[in-house]
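Input: a single structure, listed below in C-alpha cells.
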Amino acid sequence: MPKNKLSVQLNVEDFLPASDAERESLTVMRKSVGFWKDGIRRLKKNKISMISLVVILLVFILSFIVPQLYPYSYEQQIRGSENLAPMHYSQKEITAMDSGESVFPHILGTDNLGRDYAIRVMMGSRVSLTVGLVASAIILLIGSLYGSIAGFFGGWVDMIMMRIVDMIYTVPDILIIVLLSVAFDQPLKALAQRPGFQWIQLIGVNLISIFVVFALLYWVGMARIVRSQILILKEQEYVTAARALGASSGHIIKKHLLTNCIGTLIVTTTLQIPSSIFTESFLSFLGLGVAAPMPSLGSLASAALNGLQSYPHRLFAPALMISVIILSFNLLGDGLRDAFDPKLKD
Amino acid sequence: MAKYIIKRIAMAIVTIFAVATVTFFVMNMVPGGPFMAEKAISPQAQAALNEKYGLDKPLSVQYTTYMKDILHGNLGLSVKQRGRTVNMIIGTKFPVSARIGGMAILAAVMIGVPLGSIAAFKRGTMIDNIIIVFSTCGIAVPSFVVCTILMYILSLKLGLLPTYGLGSWKNYIMPVMALALYPSSYISRLMRSSMLDVMGQDYMRTARAKGLSQLVSIFKHALRNAILPVVTYLGPLLAYTVTGSFIVEKIFTIPGLGSEFIGSITGRDYPLIMGTTIFLATLMVIMNVLVDVAYKFIDPRINLK
C-alpha cells in the first residue's frame, strides 16, 4: 500500500517482531552463569582442591576397583609366606617362579598370617571410605531435616528442638559410642543368627553401632548450620509467594528452602566425611571397629604396633593412607566452601 | 547475667541426668548382666552375687538406687577388681590422666596461639605458609598415627625416650606431644583467622594512630580480642583430650583413667564403664558451662539473654 505523504499513518514494518539476528545483536548481557557452573568454575581455579580431588579419585580407584583385579584377596592366607618384607618372595614362590609360573609380587609384603599386606591396606581404605560416606549421608539426612523443621516453624518448636541439640552437643560422643558398641554387641549378634539378618554378620556388629551412634549424635552440628540458614531464607519473598499460592510447609522446605542452602549442605557434608573417618579409625584402633578378618586402617595400624621394631612399614602404610585421605577431604572441603558458600568462611 | 548462668547450670544438670539414665538403661540392655561371661559359676554363687550388687531387684528399683547413689557421689563397686569401688579407681587413676591432659592442653595453647598470631602478622610470607602447612597436616593426622610414629623415631630408632610407664619426666614428652599436636594445629588456624579479622578493625588503626607501639597495640588490643574463639574451643579441647587419652595411654601403657576405661570395656566391667562414663561426661559438661560463662564475662559485647 503506497503511503500518503501527508498521512500520519505509521510505518507498519517498524512494528514487525525483531528477527533473531537483530535480537542477538541487542543483547549486551553475558550468558547467565548458573549456580553449579559458577561454583565449579571457581573450584577449578583452586589448584589445591583440584589436586585433592584427583588424590581422592585415586584413593577410590585403589580401594574399590583395584581389589577386584588384584590376584590376592584380603583374607587369603598364603602358607609359607608369613612376615615377608616388601617385594620379597617366599621359598615356595621362588621355586614356582623358577619353573616358569608368574607370581604377583607382594608390594607391601605379607602379615604374620601370610596375608598380602597391600590388598589389606586397600580393603582398609575401602572400609574407611564407606564409613565416611555412609555416616555423612545419614548425618546429612537427619541434620538437614531436623534443622530445617526447627528453623522453619520457629517459636516453641524451635526452642524445644534446639535445646535438645544443645544437650546432645555437650554429651561426650566417643564415650557414648563406646558404651553403645558394648551394649549392642550381644543383641546384634543374636539378631544376626536369625534368617533375613545375615547381612549384619557381613557388615560387622561394631560398624552398625558406629552408624547408629552417628545417626543419634553427630547430626547436631549439621542441624545447627542448616537452621541458621533457614532462618534467613524463610524471610525471602519467594517463600511468602509459595505460601500465598497454597504450598504446604513440607513442600516449601523441600522445594524452596533446602534447595537454596544446597551450598552449605555440600560443604558441611564434605567436611563431615574426614571427621567420620577419623572417628572410625579411632574406634578400630581401640578394637571397637570392624570385625576381623575385615581390615580397617585403624585396626591395621593397631596390629602393626606389636611388630613395630621389625616391620615398621606395616604401620606406615595404613598411617600414610589415612592421613592422605583425611587431608585431601579436608582440603577439598575448604575449596568447596570457597567456591560454593563464601559466606560460610569466617 | 545471673539468669543466663542459672539457665546454663540447669541445662547441664539435665544433660548429666540424661547421660546417667542413658548409661544405666544401655548397660541393662545387655542380656544376662555382668556375670554371664564368667563361666563355671554355681547358681547359688550367681544368686549371691546378684544380691550383693542388687541385680535381683526390679529394674525401676535398681534405677532409683543407682541414681540415689550417684547423687551421693557413690559410683558403686567394680565387678572385676574385687573389693575396690569405682570411686577409688577413678580417684587413683584420674590424677595421672589429668596431669598429662593438662600439660597437653597447656602446650596446645602455648604453641597454637603464638603460631597463629605470627602467621597472621606475617601474612603471605614464607613463615605464614610454613605454619599453614604445619597446621593443615596436624589436623589430618590421627593421634594414634602421631603416637606410633613418634615412638618409632624417638624411642626405637634414636633411643632417646622410654616407650612405656611414667618413671621420669622423659616419659611425659611423647604422650604430651602426641596429644597436643591436633589441638595446637587447630588453635593456630583459629587464631590466624581471628587475628586477621581483628587487625582489620578500626580500633587497631586508632591504637597505632594515637602513638602506641606495634608491640603494645598487639598485646593490649589485638591479642585480647583475637583470643576469644580460642576460649570457646576450650570445651571441645577438653573432650578431645579425654578421648585422645584413651589412645595415648593405651600405646604408652600409662596407668591412667583412659587405659582403665578401655580395660573395663574389654573386661566387661559394667559398673566401672558406667562410673567412668558418668564421671567424664560430668567433667566435660561442667567445663562447657564454665567456658560459656567465662566467655560472656570476657566479651561484654555479647548480649546476655
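Quick note on labels: first sequence line is chain A, next is B, and so on, each numbered from 1. Because only heavy atoms are used, hydrogens play no part in the values below, and waters and symmetry mates are left out as well, while side chains stay in.
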Does any heavy atom of chain B fall under 4.5 Å from the side chain of F329(A), the backbone, both, or neither of them? neither
Calculate, to the nearest 0.5 Å, the distance between atoms CG and CZ belonging to L297(A) and F144(B) respectively. 7.5 Å
Evaluate the side-chain proximity of N330(A) to T136(B): yes if any heavy-atom separation is below 4.5 Å, no if none is. no
Can you tell me if OH on Y152(B) sees more than 12 non-hydrogen neighbours from other groups inside 6.0 Å? yes
Residue V141(B) versus chain A: region with a heavy atom under 4.5 Å: both
Do other residues, nucleotides or ligands put more than 12 heavy atoms under 6.0 Å from the CZ atom of R123(B)? no
Using non-hydrogen atoms only, which part of S328(A) is less than 4.5 Å away from chain B: side chain, backbone, both, or neither? neither
Where does Y240(B) contact chain A at under 4.5 Å (heavy atoms): side chain, backbone, both or neither? neither
Nearest-0.5 Å distance, CD1 of residue I326(A) to SG of residue C137(B): 12.0 Å
Bottom line for L320(A): the part with an atom under 4.5 Å from chain B's heavy atoms is neither
From the list G235(B), S143(B), A281(B), the residue making the most non-hydrogen contacts under 4.5 Å with chain A is A281(B)
Closest-packed option against chain B by number of heavy-atom pairs under 4.5 Å, given A319(A), P274(A), S281(A), A301(A): S281(A)
S275(A) OG to I139(B) CD1 distance, which is reported to the nearest 0.5 Å: 12.0 Å
Quick check for you: to the nearest 0.5 Å, what is the distance between M151(B) atom CE and L315(A) atom CG? 9.5 Å
Is the CD1 atom of I132(B) crowded by more than 12 outside heavy atoms at less than 6.0 Å? yes
What's the separation between atom CD1 in I164(A) and atom OG1 in T15(B), rounded to the nearest 0.5 Å? 11.5 Å
Name the region of A12(B), side chain, backbone, both or neither, that has any atom closer than 4.5 Å to a heavy atom of chain A. neither
V285(B), T23(B), I273(B): which one forms the most heavy-atom pairs within less than 4.5 Å of chain A? T23(B)
In terms of heavy-atom pairs under 4.5 Å, which option from A239(B), G244(B), P142(B) contacts chain A the most? P142(B)
Heavy-atom side-chain proximity of F285(A) to I251(B) below 4.5 angstrom: yes
